[in-house]
4 protein chains.
Amino acid sequence: MTEFTERQKEIIETAIKLIDEGGIQNVTMKQIASRLGITEPAIYRHFASKADILLSMLEQFKFRSKGHLAKARSANVSNLQKVETIFLEHSGQFAERPHMTAVVFSEEAFQDDPRLAEIIFSVMNAAHEGMAEIITAAQQMREIRGDIPAEHLAITILGTLRLLVKRWRLSKFGFDLRQESQAVWQSLKTLITSPLN
Amino acid sequence: MTEFTERQKEIIETAIKLIDEGGIQNVTMKQIASRLGITEPAIYRHFASKADILLSMLEQFKFRSKGHLAKARSANVSNLQKVETIFLEHSGQFAERPHMTAVVFSEEAFQDDPRLAEIIFSVMNAAHEGMAEIITAAQQMREIRGDIPAEHLAITILGTLRLLVKRWRLSKFGFDLRQESQAVWQSLKTLITSPLN
Amino acid sequence: MTEFTERQKEIIETAIKLIDEGGIQNVTMKQIASRLGITEPAIYRHFASKADILLSMLEQFKFRSKGHLAKARSANVSNLQKVETIFLEHSGQFAERPHMTAVVFSEEAFQDDPRLAEIIFSVMNAAHEGMAEIITAAQQMREIRGDIPAEHLAITILGTLRLLVKRWRLSKFGFDLRQESQAVWQSLKTLITSPLN
Amino acid sequence: MTEFTERQKEIIETAIKLIDEGGIQNVTMKQIASRLGITEPAIYRHFASKADILLSMLEQFKFRSKGHLAKARSANVSNLQKVETIFLEHSGQFAERPHMTAVVFSEEAFQDDPRLAEIIFSVMNAAHEGMAEIITAAQQMREIRGDIPAEHLAITILGTLRLLVKRWRLSKFGFDLRQESQAVWQSLKTLITSPLN
DNA sequence: AATGAATGAGGTTTCATTCAT
DNA sequence: AATGAATGAAACCTCATTCAT
């Protein structure tokens, strides 16, 4: 939605990297400035405040997440495949930008600022609701087993994804996330499709 | 393991509450002191540093987690029931001490201190390995379906638990965690036990 | 004296308004620029420095004050009427440009810059001396009572004017300054003309 | 009313001196600290914020002003003498603490902060109303001429006092304020007592 | 076991100003 | 005549910690 200037993108990117390296506490105006080779006040030409930087960062993340979800939903494939797409594209997004995992799991640190907390909340909710909806449809089409509430399956699938990414991060990106996601997805698929009854 | 004095327990408890209320950034010596009605230097009579407080907090958490795991494993019940016990007791532990959920999800904030990060890592690992081990045994006893790697099932079960607790927290403890855990567990059980083939 | 370009006049006017709204501390290059819809560096095309803006503002004020004083003195009327003219024209000047009252009462804020302080000092002195001179003449002509030093009467008259304007300002311009000045002047006139002895 | 510790008194005193020397803009935490030979953070042990320092300063001033007014009013003397007492004690207060004049005339700079502005406003109002009340009583007792509204006389007397003090300050305390106040008061007394009619 | 006073390091932000364009 | 990007200095304030008592 919002357009960012080159410098703004650089600043956001730097903030993400800093979170990755040392958590939210590591994101200081001084650090951002020194990484970009400018002084602290210079940052204020591009963002009104530090909170604005984080806000923009999360909004960008929200925007992308929404995009992935919308794309998956509108695809002309079976509902089961939509679930697969969401699962794999989501993990693919992280595989591409490993730093970003730090942001997602720093959620708790954003609970401080209501505006930031709201974004986190809405992203999680959108993912959950979107997923539950597709699963419900899949169950009606008998693509996914119907003996388990869609809500529960949504939690299970997203929870699995999250923990997988978290473990990848804790291992310091020590395995191939894409490959592992594929394997885990096969297991999830087996779980949720049999028995079809 | 380690014994704590009354004051130390109070301090740790206060730190947990502060994390709950405003994240790690909310945990300052000033806040802790004012909550306990003492001055900041007084805290140093009980802990050598702030890091030590957090360390003790996490060690306590680790100690309890280990206890639950060990208890579940040594119980004289089926392996499937052991998994159930771990799942339900874990969520029960959170239901009893809602503040604690904040600590678990603040993991990321501990990553900059190697000692703290290590504890987080080992708790998560122990849970994962313990779970995988029990699942493997269950699969051999044909209590849990064998067509899916135990590793994946462990991630799915623990991931589901984590996300459920996270959602409980985000909802500001707006639903009955114990009840919901029971329901979700029934779904998980259905998923992992059928088809037995 | 000095001629100002249109932009310069706008800048000075804006500075006055800003002082009115939030005191001297509110006068920043950023504020001035944003009010005029230009950028900060643009201001430097019109004034060499911020101090120069304030200096021009005060010089303009000094110029006008001098004008009023000179006009009153050269008028072909009684000395008492000259005093009246100064009193009423001065308050009329404020009634017309209420913002300006803020500048007069921010005098103190100008004391750290010697150039600014000098202007304030000379304006006040000119008013005082001019007033005292006219009063002395009036006393010689027996238009104003002679039992009180002209110096003291000057302080009383100017002090009354100042406090009246100050009260008008504190009341947020809540009464009609012109009308009130007329009334107060009648009282002052009564005070200084009787007994003539 | 409020009791201050020794350090708090020192800090307030330092702030007053700093205002005296370079206006409100000169009052910085760094300046205060360096004058007291301590570091900036140390100040925060004694006052929660810079605004609190100024607030305390003004409250102290308000407290003293109220005291002088109350004392004058309750004295067992004629109303005219009460007016005299207020006039002379007020100027005496300044003569004793010349720095304080800077604070009074920096009023405008306090308009920024509503809490500070409120104090200034209430001090001025109390002085005005107290004065007007006493003058009214004096007029009823025929101690002060009755042909002029008490309100106007109050403005004239207080305005004279203010301008006198202001001139003393602008002259860099170049004359004896007490002596001059005495002289000016004699003039004022002559003005407001004759003719008694 | 606790306090009062203080500190060094560092946080975010604002300010007047400069410079290349 | 004006802008976009930047800067050095300085503002207020917070943090974990220390030390004498």
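In what follows, chains are A, B, ... by sequence order, proteins preceding strands, each numbered from 1.
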*Give the nucleotide from the list dC15(F), dT12(E), dA16(F) with an atom nearest to the side chain of K50(A).*
dT12(E)
*asked:* Both T39(A) and A48(D) contact DNA chain F. Which one's nearest nucleotide lies toward the 5' end?
replied: T39(A)
*Answer yes or no: is there an ion pair linking E13(B) with R97(B), defined by an N-O contact shorter than 4.0 Å?*
yes
*Give the intermediate values and the outcome of side chain to side chain contact (heavy atoms under 4.5 Å, CB included) for residues E6(B) and H46(B).*
CA-CA 10 Å; E6(B) 278 310 304; H46(B) 307 283; over 6 Å; no
*To the nearest Å, how far apart are I32(A) CD1 and dA6(F) P?*
14 Å
*For DNA chain E, what is the dot-bracket line, given that a base pair needs Watson-Crick (N1 to N3, plus N6-O4 or O6-N4) or G-U wobble (N1-O2 and O6-N3) geometry with both distances under 3.5 Å, and | means paired with another strand?*
.||||||||||||||||||||
*Could you tell me which non-hydrogen atom of A33(A) sits nearest to which non-hydrogen atom of E40(A), and how far apart they are?*
CB-N, 3.6 Å
_With nearest nucleotide decided by heavy atoms, which residue, R45(C) or R45(A), maps closer to the 5′ end of DNA chain E?_
R45(A)
_What is the separation between atom CZ on F47(B) and atom P on dA2(E), rounded to the nearest whole Å?_
13 Å
*Nearest-nucleotide comparison on DNA chain E, the residue closer to the 5′ end among P41(B) and E40(A)*: P41(B)
*asked:* How many whole angstroms separate atom CD of Q31(C) from atom C1' of dT17(E)?
replied: 18 Å
_By nearest atom, which of the nucleotides dA16(F), dA2(E), dG4(F) is closest to the A42(B) side chain?_
dA2(E)
_For the NZ atom on K66(C), are there more than 12 heavy atoms of other groups (residues, nucleotides or ligands in this structure) within a distance under 6.0 Å?_
no
*What's the OH-P distance between Y44(C) and dA16(E), to the nearest Å?*
7 Å
*Answer yes or no: is there an ion pair linking E21(A) with R35(A), defined by an N-O contact shorter than 4.0 Å?*
yes
*Looking at the side chain of M29(A), which of dT17(F), dT12(E), dA6(F) is the nearest nucleotide?*
dT12(E)
*Do the charged groups of R115(B) and E118(B) touch, with an N to O distance under 4.0 Å?*
no
*Atom pair distance, as rounded to whole Å: CG in D113(B) and C1' in dA16(F)*: 14 Å
_What's the closest nucleotide to the side chain of T28(A) if the choices are dC15(E), dC19(F), dT12(E)?_
dT12(E)
*asked:* Would the distance check show the side chain of N26(A) and the main-chain N or O of L18(A) forming a donor-acceptor pair, the cut-off being under 3.5 Å?
replied: yes
_Proximal nucleotide (of dT17(E), dA1(E), dT7(E)) relative to the I38(D) side chain_ = dT7(E)
*asked:* On the nucleotide dG4(E), are OP1 or OP2 found under 4.0 Å from the side-chain N or O atoms that H46(D) carries?
replied: no
*In whole angstroms, how far is the P atom of dA11(F) from the NZ atom of K30(D)?*
6 Å
*Salt-bridge test for K62(B) and E59(B): reply yes if a basic N is under 4.0 Å from a carboxylate O, no otherwise.*
no
*Roughly, in whole Å, what's the span from CG in L36(B) to C1' in dT3(E)?*
15 Å
*Mapping A51(D) and R7(A) to their closest nucleotides on DNA chain F, which lands nearer the 5' end?*
R7(A)
*Between L18(C) (CG) and dA16(E) (P), how many Å, whole number?*
11 Å
